Engineer: 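First, the structure itself, so that you have it in front of you.
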Amino acid sequence: MGIIPILILWPALAALILPVMPSHRLRAAVVYTASAGMMIFAVILLAGWISAGGGTTVTLYAETELADHLMIAGDLVLMAVVTVLSIRYRKYPVIFLSVAQTFGVIWAELVHPAHGGMHMRVDGLSLLLSMIAAFVGGMICIYAVGYMKAYHEHHKEYKDRTGFFLSMLFLFLAAMFGLVLSENLIWMYFFWEITSVVSFLLIGYTRTEEAIINCFRALWMNLLGGLGFAIAIIYMSLELGTVQLTDAVMLKAALPVAMLAFAALIKSAQLPFSSWLLGAMVAPTPSSALLHSATMVKAGVYLLIRLAPALSGSLSGQLVSFIGGFTFIVASMMAIAQTDGKKILAFSTISNLGLIVACTGIGVEETIWAAILLMIFHSVAKSMLFQAVGSIENSLGTRDVEAMHGLILRLPKLTYIVGIGIAGMYLAPFGMLISKWVALKSFIDAHNYLLVVFVAFGSASTMLYWTKWLSKLISMHRTNEPVTDKTHVDQYISMYMHAAIMLLLCLLLPWISFHIVEPIVKTLFGNAHEVLSMGVLTTMAIMLISIIFVPAVMFVLTDNARRQYVPIYMSGANKGDNTYFINSFGEPEHLYLRNWYMKPQFGMDKLMGPSTVVAAGVLIVIMTMIIGGVM
Amino acid sequence: MDAVRVILYILLAPVIGGLLDGLDRRISARMQGRQGPPILQPFYDLSKLFSKEMIAVNNVQMLLNLSYLVFFVIAGSMLFAGADILMCLFLVSTADMFLVMAASSDSSPYSSIGANREMVQLMACEPMLLLLAVGFYLATGSFQVSEIVSGDISAIAAMPGFLIGFLFITGVKLRKSPFDLSTSHHAHQEVVKGLTTEMSGTTFAIMTITEYYEMVMLLGIVALFFANSTWWSWIIAVLFCLIAFFIEVFIDNVSARVKWDKLLGGCWAVTLVAGGLNGLILMIIQ
């Protein structure tokens with residue numbers, strides 16, 4: 001377990017030396033070394049935990065005066081960074097948020113110190129998150145090496161700050177390790193604030209007007225969440241005399257749990273705070289991949305999963321499950337009207353996290369099982385999808401889904417990666433679907449019919465936007481426009497590894513359920529019964545075999561079938577290449593096919609306003625009830 | 001016993017589907033004051049389709065169409081084997097997705113429109129299908145088909161709203177008027193039919209056979225509402241399946257095609273009112 005400080009400090013060290021690396025080759029070497037080191041240290045930690053018995057919760061570090069003081073200094077540095085940048089860009093209200101929470105927490109820590117208790121904790125859930133951060137996050141950093149090179153060849157208008165960018169990615173991962181391994185809330189708060197500030201710096205990378213607006217929106221929203229976190233800490237140290245996360249959950253203290261859940265909802269970009277994640281896509285793709293998959297939003301759901309036993313059956317739980325379910329359906333509907341690939345991915349992240357959040361709000365064994373499984377699959381699939389779309393954008397010059405018509409003939413390798421990612425997000429029998437099955441069942445058992453309806457309708461719109469995209473990719477449309485694959489080898493290394501992990505996750509699903517997810521649920525709740533029965537497993541095996549083998553067998557059967565190829569029917573005479581037809585003036589006309597986007601029905605401008613109002617209204621009313629109940 | 005039912009489904013569903021299709025054409029013709037084709041006409045059509053020379057617009061259409069067929073057969077087999085109905089319905093959606101892919105792969109204007117419309121139809125039906133499984137779970141306490149049909153009283157007693165909702169979307173699933181958007185005709189030509197525009201010969205025959213499997217499976221779900229542990233309930237179930245089929249044919253003949261937004265709005269509204277309310281009541285009285 002002594003490896004923990006190394007695991008956290010190693011990427012932080014990489015973050016320190018990366019900005020001063022003079023050349024691309026040196027930076028690449030540092031990134032590869034740092035990522036490999038991160039993965040190795042995470043595996044050592046895991047191995048140490050397993051050899052110590054496995055399935056146990058290990059708490060560490062009782063006396064940490066030096067580290068505590070360093071963290072106070074760190075909090076002040078973060079506050080200073082926020083203050084300086086807010087003054088430079090004239091966003092003064094942000095300063096208030098930052099100062100209030102930083103001094104609040106420091107005051108609570110120095111004037112009302114909570115004695116006793118350990119500062120870190122190693123158990124199944126924190127190890128799982130560490131592994132996700134180390135492997136998915138590490139591969140994203142490797143991907144970023146190649147991506148940033150191609151990015152700056154494309155975008156000469158932005159200043160090349162690749163060193164800074166890579167450094168921030170590693171700092172982010174360091175904070176993520178600290179966050180998931182912390183047991184003391186003041187420590188967790190420190191890492192929580194780092195992720196807020198680093199994501200702010202990443203989003204503002206290009207320093208365009210849009211980037212500045214979006215990064216400050218992300219900052220104020222996340223600092224608002226941080227303020228909630230700070231209030232929870234202050235209340236706990238004043239009233240309960242402890243700042244341990246476990247104590248907050250065990251005591252089911254209403255106010256701290258509600259405040260922590262509030263902070264987590266913002267981190268996970270749930271309505272009414274979804275707009276910061278949508279704005280985050282102005283940054284280069286690796287940062288989106290990181291925010292959406294391994295870190296940021298996962299920090300939110302991680303905290304909610306920890307809180308789940310306290311949320312179950314409480315008013316806060318009702319609030320969390322409503323916000324999650326509502327976000328699931330509304331975000332999936334808004335995804336239908338998007339043409340921008342990255343925006344579809346962003347809405348799908350928000351929507352999927354909504355489902356996870358809804359599961360944590362119900363907070364029983366089955367829903368937590370589903371939430372953890374959804375989280376694993378979402379991390380890998382979403383990271384892979386962002387990387388593939390980023391690579392496609394570098395090659396095509398656009399990430400518009402309409403431009404991907406017939407991409408399977410133009411960029412086949414990238415198309416297969418997108419295909420596997422999309423399949424992982426919604427097709428039978430990947431983990432998403434089995435989790436949905438379990439979630440639906442436990443929503444019924446929890447007598448929450450509203451959530452059942454949300455899931456039923458949300459699944460329908462989820463299916464539409466993914467199928468639409470897949471069908472665009474698979475169109476056998478030959479164009480004459482040449483396209484070269486500008487993807488660097490670093491990017492392919494990362495994407496192929498993701499694809500391999502994705503397929504392994506599918507094949508090993510029962511093993512993962514028995515040996516990873518169920519023990520975690522057991523640690524959280526004290527007991528766990530088997531969520532997957534033998535019957536369900538058999539069904540799943542049939543589905544898995546069929547989804548992999550049916551198309552493969554059909555391919556073999558039909559590949560050699562003798563057939564005569566004919567041109568498609570175009571109403572006007574086909575010019576022979578399936579691309580041009582003769583119009584009524586006798587002139588050749590280019591065929592252009594467009595998907596349906598239903599903007600008047602599902603457009604963001606139609607749905608975003610009302611749904612934000614509804615979510616904010618519910619949030620304010622229930623929060624007032626919770627605070628009123630405590631007073 | 002399960003295996004026997006599955007084998008019977010795999011072997012007999014195309015036959016029953018074909019006969020029902022023949023009956024459909026005959027009844028429709030009589031409603032329109034025509035003589036109509038013989039009952040066995042669908043089988044003559046199929047044998048003719050299989051005898052055609054293989055022509056195709058690309059090399060993946062056939063593979064995707066076959067996948068559509070096989071997934072449907074698996075989904076139907078799961079239903080008749082008494083497996084989990086929710087899983088079975090998930091698989092139906094996956095199968096349908098392969099049909100959409102097959103039509104999109106052609107990259108032709110008419111089949112593309114058909115594919116887009118089929119996607120909207122899928123989206124229109126999905127909530128009702130999922131809520132239907134929820135309804136059975138609430139009424140009988142299980143997602144397992146084998147347990148749903150072994151209760152003392154039929155599920156219909158607890159879930160009449162779900163039946164109405166399901167019959168409504170069955171029209172969409174069977175691609176019958178007023179919900180025949182995805183296979184609707186273009187310029188009154190019988191040959192150009194939405195997402196099947198570019199399908200011909202064997203490929204089209206596969207699509208048709210899959211539709212027969214689908215029809216039998218949907219009627220199987222209708223039967224689930226009526227079947228219970230007594231033997232005579234199965235007779236009622238079969239009778240009601242025929243009535244349901246007749247209702248679909250009748251509506252097909254008396255209604256004009258609607259636009260997609262009406263279809264989507266209509267299906268979702270019916271789902272919410274019929275299925276949603278029925279489910280809510282079931283959940284409250286439990």
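Order of the sequence lines fixes the chain letters, A, B, ..., with proteins taken first and strands second; residue numbering starts at 1 for each chain. These numbers were taken from a predicted model, which means no experiment stands behind them. Values below: all heavy atoms of this structure, side chains included; hydrogens, waters and symmetry mates excluded.
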Engineer: Of the backbone (N, CA, C, O) and the side chain (C-beta and beyond), which part of Leu129(B) lies under 4.5 Å from a heavy atom of chain A, both, or neither?
Structural biologist: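 Neither part, no heavy atoms under 4.5 Å.
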Engineer: Looking only at heavy atoms, what is the nearest atom pair of Ile336(A) and Met123(B), with distance?
Structural biologist: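 Closest approach of Ile336(A) to Met123(B): CD1-SD, 3.9 Å.
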Engineer: Side chain, backbone, both or neither: which part of Ala115(B) has a heavy atom under 4.5 Å from chain A?
Structural biologist: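 The answer is neither part of Ala115(B).
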Engineer: Determine, step by step, whether Tyr137(B) and Asp445(A) satisfy the side chain to side chain contact (heavy atoms under 4.5 Å, CB included) criterion, reporting the C-alpha distance in whole Å, the side-chain angles of both residues, the deciding distance to 0.1 Å, and the verdict.
Structural biologist: CA-CA 10 Å; Tyr137(B) 183 78; Asp445(A) 291 334; 2.9 Å; yes
Engineer: Say you draw a straight line from CE of Met54(B) to OH of Tyr565(A); how long is it, rounded to the nearest 0.5 Å?
Structural biologist: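 So the gap between those two atoms works out to 8.5 Å.
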Engineer: Please look at Leu440(A) and chain B and tell me whether the side chain, the backbone, both or neither of the residue comes under 4.5 angstrom of a heavy atom of that chain.
Structural biologist: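 The side chain, not the backbone.
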Engineer: Based on non-hydrogen pairs under 4.5 Å, which of Gly406(A), Gly458(A), Ala456(A) is most in contact with chain B?
Structural biologist: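 The residue among Gly406(A), Gly458(A), Ala456(A) with the greatest pair count is Ala456(A).
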Engineer: So which heavy atom on Ser104(B) is nearest to which on Ile474(A), and how close?
Structural biologist: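 Shortest heavy-atom contact: CB-CG2, 4.5 Å.
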Engineer: Hey, what do you get for CZ (Phe457(A)) to CE (Met128(B)), rounding to the nearest 0.5 Å?
Structural biologist: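 Reported value, rounded in 0.5 Å steps: 9.0 Å.
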Engineer: Below 4.5 Å, heavy atoms only, C-beta onward: do Val120(B) and Trp596(A) meet side chain to side chain?
Structural biologist: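 Yes, side chains in contact.
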Engineer: According to salt bridge (Lys or Arg N to Asp or Glu O under 4.0 Å), who are the partners of Glu402(A), at least two apart in sequence or on a separate chain?
Structural biologist: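 Per chain and number, Glu402(A) pairs via salt bridge (Lys or Arg N to Asp or Glu O under 4.0 Å) with Lys472(A).
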Engineer: Counting heavy-atom pairs under 4.5 Å to chain A, which of Asp261(B), Asp84(B), Thr271(B), Asp106(B) comes out on top?
Structural biologist: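 Sorted descending by pairs with chain A, the first entry is Asp84(B).
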Engineer: Can you tell me if Lys599(A) has over 12 outside heavy atoms packed within less than 6.0 Å of its NZ?
Structural biologist: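 Correct, the count exceeds 12.
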Engineer: Give a yes or no on whether the backbone of Met97(B) and the side-chain of Thr467(A) come within a donor-acceptor separation of less than 3.5 Å.
Structural biologist: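 No.
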Engineer: Got a second to check how far Leu89(B)'s CG is from Ser459(A)'s OG, nearest 0.5 Å?
Structural biologist: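 Result: 12.0 Å between the selected atoms.
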Engineer: Measure the CG-CE distance between Leu470(A) and Met119(B) for me, rounded to the nearest 0.5 Å.
Structural biologist: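 Rounded to the nearest 0.5 Å, the CG-CE separation comes to 9.5 Å.
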Engineer: Do Leu122(B) and Leu464(A) make a side-chain contact, defined as non-hydrogen atoms from C-beta onward lying under 4.5 Å apart?
Structural biologist: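 The answer is no, as the side chains (C-beta and beyond) never meet within the 4.5 Å cut-off.
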Engineer: Which atom pair, heavy atoms only, marks the closest approach of Glu126(B) to Met463(A)?
Structural biologist: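 Here Glu126(B) and Met463(A) meet closest at OE1-CE, 3.7 Å.
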Engineer: For atom OH of Tyr416(A), decide whether the heavy atoms of other residues, nucleotides or ligands shown that lie under 6.0 angstrom number more than 12.
Structural biologist: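 Open.
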Engineer: Could you tell me which portion of Gln61(B) (side chain, backbone, both or neither) has an atom closer than 4.5 angstrom to a non-hydrogen atom of chain A?
Structural biologist: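 Neither part, no heavy atoms under 4.5 Å.
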Engineer: I'd like to know if the side chain of Glu198(B) reaches the main chain of Tyr569(A), judged simply by a donor and an acceptor atom lying under 3.5 Å from each other, with no hydrogens or angles considered.
Structural biologist: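 Flag set: sc Glu198(B) to bb Tyr569(A) pair under 3.5 Å.
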Engineer: Show your reasoning for whether side chain to side chain contact (heavy atoms under 4.5 Å, CB included) applies to Leu131(B) and Tyr449(A).
Structural biologist: CA-CA 10 Å; Leu131(B) 283 186; Tyr449(A) 200 61; 4.0 Å; yes
Engineer: Identify which of Val100(B), Leu130(B), Asn59(B) forms the greatest number of heavy-atom pairs closer than 4.5 Å to chain A.
Structural biologist: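 Result: the option with the highest number of such pairs is Asn59(B).
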Engineer: Tell me, for Trp260(B) versus chain A, whether the close heavy atoms (under 4.5 Å) come from the side chain, the backbone, both or neither.
Structural biologist: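 Just its side chain gets close to chain A.
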Engineer: Report the C-alpha distance between Phe90(B) and Trp437(A) in whole Å, list the side-chain angles of each, state the deciding distance to 0.1 Å, and finish with yes or no for ring pair (Phe, Tyr, Trp, His ring centres under 6.0 Å).
Structural biologist: CA-CA 9 Å; Phe90(B) 279 146; Trp437(A) 182 86; 8.6 Å; no
Engineer: Could you give the distance from OG (Ser142(B)) to NZ (Lys441(A)), rounded to the nearest 0.5 Å?
Structural biologist: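 Interatomic distance, Ser142(B) OG to Lys441(A) NZ, rounded to 0.5 Å: 8.5 Å.
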Engineer: Do you know which two heavy atoms are closest between Ser107(B) and Ile568(A), and how far apart they sit?
Structural biologist: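 Reported closest heavy-atom pair: O-CD1, 3.4 Å.
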Engineer: Which distance, rounded to the nearest 0.5 Å, do you find between the CD1 of Ile284(B) and the NE2 of His447(A)?
Structural biologist: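 So the CD1 of Ile284(B) and the NE2 of His447(A) are separated by 10.5 Å.
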Engineer: Is it the backbone or the side chain of Ile55(B) that comes under 4.5 Å from a heavy atom of chain A, or both, or neither?
Structural biologist: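 Contact with chain A involves both backbone and side-chain atoms of Ile55(B).
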Engineer: Just jot down the side-chain contact (heavy atoms from CB on, under 4.5 Å) partners of Phe80(B), sequence neighbours excluded, or say none.
Structural biologist: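 If we apply the side-chain contact (heavy atoms from CB on, under 4.5 Å) test to Phe80(B), skipping adjacent residues, the hits are Tyr9(B), Val216(B).
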Engineer: Is there side-chain contact between Phe143(B) and Ile444(A), with heavy atoms separated by less than 4.5 Å?
Structural biologist: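 They are in contact (side-chain heavy atoms under 4.5 Å apart), so the answer is yes.
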